[in-house]
Amino acid sequence: MPRFAANLSQMFQEVPFLERFGHAATAGFKAVEFLFPYEHEAAAIRAELDAHGLDLALYNTPPGNWDAGERGAAAVPGLDVRFEQDIERALTYAAVLKPRNIHVMAGIAQGPEARSDYVARLARAAAITPDQGLVIEPINHRDMPGYHLQTTEAARAVIAEVAAPNLRLQLDLYHAQIMEGDLTRRIEALAPLIAHVQVAGVPLRHEPDAGELNFHALMETLDQVGYTGWVGCEYRPAGRTEDGLGWFSRYR
(Lines give C-alpha, C1' and ligand atoms only; values in the text may rest on other atoms or scores of the structure.)
Protein backbone atom coordinates (compact mmCIF):
# COMPACT_ATOMS: atom_id res chain seq x y z
CA MET A 1 0.00 0.00 0.00
CA PRO A 2 1.37 3.47 -0.87
CA ARG A 3 2.84 5.53 1.95
CA PHE A 4 1.95 9.22 1.82
CA ALA A 5 3.97 12.25 2.90
CA ALA A 6 2.13 15.51 3.50
CA ASN A 7 3.66 18.42 1.63
CA LEU A 8 3.84 21.13 4.29
CA SER A 9 4.51 23.92 1.80
CA GLN A 10 1.08 23.30 0.26
CA MET A 11 -1.03 21.59 2.91
CA PHE A 12 -2.13 22.83 6.35
CA GLN A 13 -1.50 26.45 5.42
CA GLU A 14 -4.16 27.38 7.95
CA VAL A 15 -1.34 27.38 10.55
CA PRO A 16 2.32 28.53 10.57
CA PHE A 17 4.90 26.20 9.06
CA LEU A 18 6.30 24.70 12.26
CA GLU A 19 2.79 23.91 13.49
CA ARG A 20 1.97 21.93 10.33
CA PHE A 21 4.03 18.93 11.44
CA GLY A 22 1.64 18.24 14.30
CA HIS A 23 -1.40 18.70 12.08
CA ALA A 24 0.02 16.24 9.55
CA ALA A 25 0.66 13.63 12.23
CA THR A 26 -2.81 14.08 13.69
CA ALA A 27 -4.30 13.58 10.22
CA GLY A 28 -2.52 10.23 9.96
CA PHE A 29 0.57 11.01 7.89
CA LYS A 30 3.80 9.24 8.83
CA ALA A 31 6.09 11.47 6.77
CA VAL A 32 6.31 15.00 5.40
CA GLU A 33 8.04 16.86 2.64
CA PHE A 34 8.34 20.55 1.84
CA LEU A 35 9.82 22.79 -0.80
CA PHE A 36 12.51 24.53 1.24
CA PRO A 37 13.66 24.43 4.88
CA TYR A 38 15.97 27.42 4.68
CA GLU A 39 13.79 30.05 6.37
CA HIS A 40 13.93 28.04 9.59
CA GLU A 41 16.68 26.67 11.79
CA ALA A 42 17.37 23.02 11.04
CA ALA A 43 17.19 22.21 14.75
CA ALA A 44 13.67 23.63 14.99
CA ILE A 45 12.48 21.46 12.11
CA ARG A 46 14.25 18.43 13.54
CA ALA A 47 12.46 18.98 16.84
CA GLU A 48 9.07 18.91 15.11
CA LEU A 49 9.93 15.75 13.18
CA ASP A 50 11.02 14.03 16.37
CA ALA A 51 8.10 15.28 18.44
CA HIS A 52 5.58 13.82 16.02
CA GLY A 53 7.45 10.70 14.87
CA LEU A 54 7.64 11.84 11.26
CA ASP A 55 10.01 10.77 8.52
CA LEU A 56 11.31 13.47 6.16
CA ALA A 57 10.83 12.38 2.58
CA LEU A 58 12.18 15.29 0.56
CA TYR A 59 13.07 18.94 0.17
CA ASN A 60 14.65 20.96 -2.65
CA THR A 61 17.97 22.67 -3.11
CA PRO A 62 17.77 26.47 -2.78
CA PRO A 63 15.94 28.07 -5.71
CA GLY A 64 17.63 31.47 -5.64
CA ASN A 65 15.36 34.50 -5.89
CA TRP A 66 11.97 32.82 -6.28
CA ASP A 67 10.09 36.10 -6.63
CA ALA A 68 12.39 37.08 -9.51
CA GLY A 69 11.66 33.81 -11.29
CA GLU A 70 14.71 31.77 -10.33
CA ARG A 71 14.14 28.03 -9.95
CA GLY A 72 17.52 26.60 -9.07
CA ALA A 73 20.95 26.66 -10.70
CA ALA A 74 21.97 23.15 -11.75
CA ALA A 75 21.48 23.75 -15.49
CA VAL A 76 22.00 27.51 -15.68
CA PRO A 77 25.23 28.43 -17.48
CA GLY A 78 27.67 30.59 -15.54
CA LEU A 79 26.44 29.59 -12.09
CA ASP A 80 29.05 27.03 -11.04
CA VAL A 81 29.88 28.81 -7.78
CA ARG A 82 26.23 29.39 -6.99
CA PHE A 83 25.46 25.71 -7.59
CA GLU A 84 28.26 24.58 -5.26
CA GLN A 85 26.91 26.94 -2.59
CA ASP A 86 23.38 25.59 -3.06
CA ILE A 87 24.53 22.01 -2.65
CA GLU A 88 26.57 22.90 0.42
CA ARG A 89 23.59 24.63 2.01
CA ALA A 90 21.23 21.75 1.24
CA LEU A 91 23.69 19.26 2.71
CA THR A 92 24.24 21.35 5.83
CA TYR A 93 20.52 21.02 6.53
CA ALA A 94 20.57 17.36 5.54
CA ALA A 95 23.13 16.60 8.24
CA VAL A 96 20.45 17.52 10.79
CA LEU A 97 17.20 16.71 8.97
CA LYS A 98 18.18 13.37 7.37
CA PRO A 99 15.91 13.57 4.30
CA ARG A 100 15.39 10.46 2.21
CA ASN A 101 15.98 12.54 -0.93
CA ILE A 102 17.00 16.03 -2.00
CA HIS A 103 15.56 17.38 -5.25
CA VAL A 104 18.30 19.18 -7.19
CA MET A 105 16.51 22.02 -8.98
CA ALA A 106 17.60 22.51 -12.59
CA GLY A 107 16.58 26.13 -13.14
CA ILE A 108 15.34 28.14 -16.10
CA ALA A 109 17.67 27.36 -19.00
CA GLN A 110 17.61 25.63 -22.36
CA GLY A 111 20.13 24.55 -24.96
CA PRO A 112 23.21 22.32 -25.24
CA GLU A 113 25.35 24.34 -22.81
CA ALA A 114 22.65 24.07 -20.17
CA ARG A 115 22.42 20.31 -20.71
CA SER A 116 26.19 19.88 -20.47
CA ASP A 117 26.38 21.94 -17.29
CA TYR A 118 23.43 20.06 -15.81
CA VAL A 119 25.00 16.65 -16.29
CA ALA A 120 28.40 17.78 -15.01
CA ARG A 121 27.01 19.45 -11.91
CA LEU A 122 24.74 16.56 -11.05
CA ALA A 123 27.72 14.23 -11.31
CA ARG A 124 29.71 16.44 -8.94
CA ALA A 125 26.87 16.64 -6.46
CA ALA A 126 26.36 12.88 -6.49
CA ALA A 127 30.07 12.30 -5.93
CA ILE A 128 30.23 14.79 -3.05
CA THR A 129 27.47 13.01 -1.12
CA PRO A 130 27.30 9.38 -2.29
CA ASP A 131 25.18 8.30 0.68
CA GLN A 132 22.49 10.96 0.17
CA GLY A 133 19.65 10.27 -2.23
CA LEU A 134 19.40 12.93 -4.94
CA VAL A 135 16.54 13.24 -7.42
CA ILE A 136 15.67 15.27 -10.49
CA GLU A 137 12.09 16.19 -11.38
CA PRO A 138 10.57 16.97 -14.77
CA ILE A 139 8.25 20.00 -14.40
CA ASN A 140 5.60 20.97 -16.94
CA HIS A 141 6.08 24.01 -19.17
CA ARG A 142 2.70 25.49 -18.26
CA ASP A 143 3.39 25.94 -14.56
CA MET A 144 7.10 26.68 -14.93
CA PRO A 145 7.91 27.98 -18.42
CA GLY A 146 11.50 27.48 -19.49
CA TYR A 147 12.40 24.96 -16.80
CA HIS A 148 15.28 22.90 -18.09
CA LEU A 149 13.88 19.42 -17.37
CA GLN A 150 10.34 18.91 -18.68
CA THR A 151 9.79 15.23 -19.53
CA THR A 152 10.50 11.86 -17.98
CA GLU A 153 12.28 10.78 -21.14
CA ALA A 154 14.71 13.68 -20.78
CA ALA A 155 15.19 12.79 -17.11
CA ARG A 156 15.88 9.15 -18.00
CA ALA A 157 18.61 10.24 -20.42
CA VAL A 158 20.23 12.56 -17.86
CA ILE A 159 20.23 9.88 -15.16
CA ALA A 160 21.81 7.41 -17.58
CA GLU A 161 24.52 9.89 -18.56
CA VAL A 162 25.37 10.83 -14.98
CA ALA A 163 25.38 7.13 -14.02
CA ALA A 164 25.53 7.73 -10.26
CA PRO A 165 23.74 5.20 -8.04
CA ASN A 166 22.40 7.91 -5.73
CA LEU A 167 20.80 9.98 -8.54
CA ARG A 168 17.28 8.86 -9.43
CA LEU A 169 13.90 10.14 -10.60
CA GLN A 170 11.30 12.18 -8.78
CA LEU A 171 8.11 11.32 -10.66
CA ASP A 172 5.41 13.92 -10.16
CA LEU A 173 2.30 12.44 -11.74
CA TYR A 174 0.71 15.87 -12.08
CA HIS A 175 3.55 17.17 -14.25
CA ALA A 176 3.88 13.90 -16.16
CA GLN A 177 0.19 13.86 -17.06
CA ILE A 178 0.33 17.39 -18.44
CA MET A 179 3.49 16.78 -20.46
CA GLU A 180 3.25 13.14 -21.53
CA GLY A 181 0.25 11.21 -20.18
CA ASP A 182 0.08 7.39 -20.46
CA LEU A 183 0.86 7.26 -16.74
CA THR A 184 0.30 3.57 -16.08
CA ARG A 185 2.76 2.47 -18.74
CA ARG A 186 5.11 5.29 -17.77
CA ILE A 187 5.22 4.12 -14.14
CA GLU A 188 5.88 0.56 -15.30
CA ALA A 189 8.70 1.63 -17.61
CA LEU A 190 10.35 4.01 -15.15
CA ALA A 191 9.96 1.90 -12.00
CA PRO A 192 13.67 1.05 -11.59
CA LEU A 193 14.55 4.77 -11.63
CA ILE A 194 11.87 6.11 -9.30
CA ALA A 195 13.00 7.23 -5.85
CA HIS A 196 10.12 9.59 -5.03
CA VAL A 197 6.59 10.14 -6.32
CA GLN A 198 4.32 13.18 -6.00
CA VAL A 199 0.61 13.53 -6.70
CA ALA A 200 -2.00 16.21 -7.33
CA GLY A 201 -5.25 16.45 -9.24
CA VAL A 202 -5.05 17.51 -12.89
CA PRO A 203 -5.57 20.18 -14.12
CA LEU A 204 -6.25 22.36 -11.04
CA ARG A 205 -3.64 20.82 -8.71
CA HIS A 206 -6.16 20.24 -5.93
CA GLU A 207 -6.76 16.96 -4.08
CA PRO A 208 -5.29 14.01 -5.99
CA ASP A 209 -8.65 12.30 -6.55
CA ALA A 210 -10.15 15.45 -8.13
CA GLY A 211 -9.77 15.85 -11.87
CA GLU A 212 -8.89 13.69 -14.83
CA LEU A 213 -6.59 11.14 -13.20
CA ASN A 214 -7.73 7.76 -11.91
CA PHE A 215 -5.74 8.36 -8.74
CA HIS A 216 -6.50 5.14 -6.87
CA ALA A 217 -5.72 3.03 -9.95
CA LEU A 218 -2.35 4.75 -10.27
CA MET A 219 -1.61 4.00 -6.62
CA GLU A 220 -2.38 0.34 -7.35
CA THR A 221 0.09 0.51 -10.24
CA LEU A 222 2.79 1.76 -7.87
CA ASP A 223 2.11 -1.24 -5.67
CA GLN A 224 2.25 -3.59 -8.64
CA VAL A 225 5.69 -2.36 -9.73
CA GLY A 226 6.99 -2.72 -6.18
CA TYR A 227 7.43 0.94 -5.33
CA THR A 228 8.04 1.31 -1.59
CA GLY A 229 9.08 4.95 -1.30
CA TRP A 230 6.99 7.89 -0.17
CA VAL A 231 4.24 9.50 -2.24
CA GLY A 232 4.38 13.23 -1.64
CA CYS A 233 1.06 15.08 -1.58
CA GLU A 234 2.16 18.23 -3.37
CA TYR A 235 -1.30 19.61 -4.02
CA ARG A 236 -3.14 22.81 -3.17
CA PRO A 237 -6.19 21.94 -1.05
CA ALA A 238 -9.40 23.32 -2.53
CA GLY A 239 -10.47 24.41 0.97
CA ARG A 240 -9.43 23.61 4.51
CA THR A 241 -6.82 20.85 4.33
CA GLU A 242 -8.54 18.44 6.71
CA ASP A 243 -11.85 18.81 4.87
CA GLY A 244 -10.27 17.49 1.68
CA LEU A 245 -8.67 14.33 3.11
CA GLY A 246 -11.47 11.95 2.15
CA TRP A 247 -9.16 10.40 -0.47
CA PHE A 248 -6.74 9.47 2.32
CA SER A 249 -9.17 7.41 4.40
CA ARG A 250 -8.41 4.09 2.68
CA TYR A 251 -4.65 4.56 3.14
CA ARG A 252 -4.41 5.55 6.80
Side-chain angles (χ1 to χ4, degrees), residues 1-63 66 90 93-103 105 132-133 135 137 139 143 170-175 194-202 204-211 213 215-216 218-220 222-223 227-252:
M1 179 177 291
R3 303 184 302 153
F4 291 92
N7 186 297
L8 300 186
S9 298
Q10 304 284 3
M11 302 172 70
F12 304 104
Q13 292 196 36
E14 298 84 1
V15 299
F17 178 74
L18 291 176
E19 295 180 24
R20 297 174 194 172
F21 294 81
H23 282 251
T26 298
F29 290 97
K30 303 302 182 184
V32 296
E33 63 175 29
F34 37 78
L35 294 180
F36 311 109
Y38 311 109
E39 292 183 1
H40 301 272
E41 294 293 331
I45 298 174
R46 181 74 259 167
E48 291 299 318
L49 291 167
D50 291 343
H52 301 289
L54 293 166
D55 197 356
L56 178 55
L58 177 102
Y59 60 80
N60 299 339
T61 53
W66 186 274
Y93 271 78
V96 177
L97 299 182
K98 309 297 183 185
R100 294 294 181 93
N101 289 289
I102 297 173
H103 168 216
M105 298 194 73
Q132 173 63 60
V135 291
E137 177 191 21
I139 298 179
D143 287 7
Q170 177 176 330
L171 177 62
D172 188 316
L173 298 176
Y174 166 81
H175 294 305
I194 301 171
H196 189 66
V197 173
Q198 290 179 321
V199 294
V202 181
L204 298 180
R205 208 167 188 173
H206 291 326
E207 281 73 7
D209 62 340
L213 297 183
F215 166 68
H216 298 296
L218 292 171
M219 296 304 98
E220 291 176 3
L222 288 175
D223 280 344
Y227 178 72
T228 59
W230 293 106
V231 178
C233 303
E234 194 183 37
Y235 67 85
R236 295 188 290 264
R240 181 175 174 270
T241 300
E242 286 86 349
D243 294 341
L245 290 176
W247 66 268
F248 188 41
S249 59
R250 73 170 70 179
Y251 302 108
R252 283 189 178 94

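In terms of heavy atoms, Tyr235 sits closest to Pro237 at O-CD, 3.3 Å. Between Pro37 and Leu97 the shortest heavy-atom distance is CB-CD1, 4.1 Å. Ala195 and Asn101 get closest at one heavy-atom pair: O-ND2, 3.5 Å. Listed here is the closest heavy atom pair of Ile102 and Ala90: CD1-O, 4.2 Å. Looking at every heavy atom in both residues, Val32 comes nearest to Leu49 through CG2-CD2, 3.8 Å.
Looking at Tyr174, its side chain never comes within 3.5 Å of a backbone N or O of Glu234 through a donor-acceptor pair. A donor-acceptor pair is defined here as one N or O able to donate and one able to accept, closer than 3.5 Å; such a pair exists between the side chain of His206 and the backbone of Arg236. Remark: the backbone N or O of Leu8 is paired with a side-chain donor or acceptor of Arg20 at under 3.5 angstrom. In this structure, the side chain of Glu48 does not engage the main chain of Ile45 through any donor-acceptor pair within 3.5 Å. Side-chain atoms of Gln132 come within 3.5 Å of backbone atoms of Pro99 as a donor-acceptor pair (strictly under, hydrogens ignored).
With sequence neighbours excluded, the residues forming a ring pair (Phe, Tyr, Trp, His ring centres under 6.0 Å) with Tyr38 are Tyr93, listed by chain and number. Residues satisfying the side-chain contact (heavy atoms from CB on, under 4.5 Å) criterion with Arg100, sequence neighbours excluded, are Arg3, Asp55, Trp230. Partners of Phe12 under the ring pair (Phe, Tyr, Trp, His ring centres under 6.0 Å) rule, at least two apart in sequence or in another chain, do not exist in this structure. Applying the ring pair (Phe, Tyr, Trp, His ring centres under 6.0 Å) test to Phe34 and every residue at least two apart in sequence or in another chain returns Phe17. Partners of His52 by ring pair (Phe, Tyr, Trp, His ring centres under 6.0 Å), not counting sequence neighbours: none found.
At least one side-chain heavy atom of Tyr251 sits less than 4.5 Å from a side-chain heavy atom of His216. Put simply, the side chain of Glu137 does not reach to within 4.5 Å of the side chain of Met105, judged on heavy atoms. Contact check for Asp172 versus Ile139: no side-chain heavy atoms found under the 4.5 Å cut-off. A heavy-atom distance below 4.5 Å is not found between the side chains of Pro208 and Phe4.
Applying the side-chain hydrogen bond (donor to acceptor under 3.5 Å, both in side chains) definition to pairs two or more places apart or across chains, those involving residues 22-33 are Asn7-Glu33, His23-Glu242, Glu33-His196, Glu33-Gln198.
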